Amino acid sequence: VYAFTVNGASGVYRKDVSDEKAREEHILSSSDSEILTLHRGAENTYAVTVRANGVTSHIGILYGSNSELKTLTDGDTRDQNAYFSAVNRNEILFDSAGVGRDSEGNFSGRYSPAVICSLDLGTMEIKEIFRDKELSCTKPKQAKDGALYCIQRPNREKRGGNPLVEILLIPYRII
């Protein structure tokens, strides 16, 4: 199962890779929103990241059997990387970052540091489960023993530096 976007239209398709002659099966098409990530759960259900504009994205559920898409989170956030918990299949893990706005409400080009959240599908309760004061935490995964893994990275890219020095250091960094 894969998602792609071409010329403003997003689609989700299924293809049996073990059968070269099998046709692709259409699951969903949309020109209103874009499916960024998918993670398969039980019974042909997918946790998805849905982006409606270039700034915000939300977590949703896609039912592959009837192509129904339900958006589960909302707000001025970038919720992404939806992943079904390995311990509780009724729980979706994801990362969330607040959208930075200027005094006039325009997107500033920045997001707050991302935190790891969980969404209980039974109660629809969202909980923040991991945060780092100095780093953004993204792409949560969970082992069967309950251990939580994520990527931690600086929220801001390193600025400055001398381009000439950076070029001269390339051979050193390769070695």
Side-chain angles (χ1 to χ4, degrees), residues 1-15 24-86 89-132 135-142 148-157:
V1 175
Y2 62 95
F4 69 91
T5 301
V6 176
N7 296 330
S10 185
V12 178
Y13 290 83
R14 178 181 17 239
K15 169 81 168 123
E24 293 176 317
E25 297 175 43
H26 173 259
I27 297 175
L28 175 76
S29 292
S30 176
S31 58
D32 298 329
S33 56
E34 180 180 5
I35 305 296
L36 299 177
T37 63
L38 306 135
H39 182 248
R40 186 173 183 171
E43 302 171 12
N44 206 18
T45 302
Y46 302 90
V48 297
T49 302
V50 181
R51 182 168 60 186
N53 59 45
V55 178
T56 62
S57 58
H58 305 291
I59 303 304
I61 290 282
L62 173 61
Y63 298 98
S65 57
N66 63 5
S67 302
E68 181 183 8
L69 175 64
K70 288 185 178 179
T71 303
L72 305 174
T73 64
D74 200 359
D76 204 17
T77 59
R78 182 181 63 191
D79 299 335
Q80 59 186 6
N81 301 307
Y83 184 85
F84 280 104
S85 165
R89 294 306 265 180
N90 252 355
E91 180 179 57
I92 295 175
L93 306 174
F94 63 97
D95 58 82
S96 182
V99 174
R101 302 279 179 189
D102 63 18
S103 61
E104 296 175 9
N106 299 313
F107 178 52
S108 68
R110 298 201 181 269
Y111 295 91
S112 69
V115 299
I116 304 298
C117 297
S118 68
L119 169 64
D120 185 316
L121 296 173
T123 64
M124 298 307 290
E125 181 180 3
I126 297 174
K127 293 180 185 174
E128 182 181 301
I129 57 174
F130 186 75
R131 139 186 320 261
D132 188 296
L135 300 172
S136 269
C137 304
T138 62
K139 298 192 177 188
K141 303 285 187 246
Q142 189 175 44
L148 179 66
Y149 297 91
C150 67
I151 295 174
Q152 293 179 301
R153 60 180 175 79
N155 193 43
R156 296 182 185 170
E157 292 184 20

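Computed from a predicted structure; not experimentally measured. Below, each value reflects all heavy atoms present in this structure, side chains not excepted, and no hydrogens, waters or symmetry copies.
- To the nearest 0.5 Å, atoms CZ (R14) and OH (Y46) are separated by 5.0 Å.
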Evaluation steps, side-chain contact (heavy atoms from CB on, under 4.5 Å), between Y111 and V55: CA-CA 9 Å; Y111 295 91; V55 178; 4.0 Å; yes
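- Annotation for L93 and S118: closest pair CD2-CB, 3.8 Å, computed over non-hydrogen atoms.
- Side-chain N or O atoms of H39 include one that pairs as donor or acceptor with a backbone N or O of F84 at under 3.5 Å.
- Nearest heavy-atom pair across P113 and S136 is CA-OG, 3.3 Å.
- Under the ring-ring contact (aromatic ring centres under 6.0 Å, His included) criterion, F4 pairs with Y13, not counting sequence neighbours.
- Rounded to the nearest 0.5 Å, atoms CD1 (I61) and CD1 (I92) are 3.5 Å apart.
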Does the side-chain hydrogen bond (donor to acceptor under 3.5 Å, both in side chains) test come out yes or no for N53 and T56, once each step is laid out? CA-CA 6 Å; N53 59 45; T56 62; 3.3 Å; yes
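- Taking each heavy atom of A97 and S112 in turn, the nearest pair found is CB-O, 3.3 Å.
- To the nearest 0.5 Å, atoms CD1 (I116) and CD1 (I129) are separated by 7.0 Å.
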Under the side-chain contact (heavy atoms from CB on, under 4.5 Å) rule, what do D95 and I151 come out as? Steps first, then yes or no, please. CA-CA 10 Å; D95 58 82; I151 295 174; over 6 Å; no
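- With respect to the salt-bridge test (charged N to carboxylate O, under 4.0 angstrom), the residues K15 and E24 do not qualify.
- Pairing each heavy atom of L148 with each of P140, the nearest pair is CD1-CB, 4.3 Å.
- Nearest heavy atoms, S33 versus S10: O-CB, 3.4 Å.
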Go through the steps for V12 and V48 under the test side-chain contact (heavy atoms from CB on, under 4.5 Å), then give the verdict. CA-CA 11 Å; V12 178; V48 297; over 6 Å; no
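- Closest non-hydrogen pair, C137 versus F130, comes out as SG-CE2, 3.5 Å.
- Here the side chain of Q142 pairs a donor or acceptor atom with the backbone of A86 at under 3.5 angstrom.
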Would D102 and S108 count as a side-chain hydrogen bond (donor to acceptor under 3.5 Å, both in side chains) here? Give the steps. CA-CA 6 Å; D102 63 18; S108 68; over 6 Å; no
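- To the nearest 0.5 Å, atom OG of residue S57 and atom CD of residue Q80 are 5.0 Å apart.
- Atom CG of N81 and atom NZ of K141 lie 6.5 Å apart (nearest 0.5 Å).
- At least one side-chain heavy atom of L72 sits under 4.5 Å from a side-chain heavy atom of L121.
- Using a 4.5 Å cut-off on side-chain heavy atoms (C-beta onward), T49 and I59 make contact.
- Considering CD1 of I35 and OH of Y2, their distance stands at 14.5 Å, rounded to 0.5 Å.
- Within 6.0 Å of the CD atom in E68, the count of heavy atoms belonging to other residues, nucleotides or ligands exceeds 12.
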Begin with the C-alpha distance, continue with both residues' side-chain angles, and end with the deciding distance and a verdict on side-chain hydrogen bond (donor to acceptor under 3.5 Å, both in side chains) for D79 and T77. CA-CA 6 Å; D79 299 335; T77 59; 3.2 Å; yes
Just do the side-chain contact (heavy atoms from CB on, under 4.5 Å) check on K70 and Y63 with the steps written out, would you? CA-CA 9 Å; K70 288 185 178 179; Y63 298 98; 4.1 Å; yes
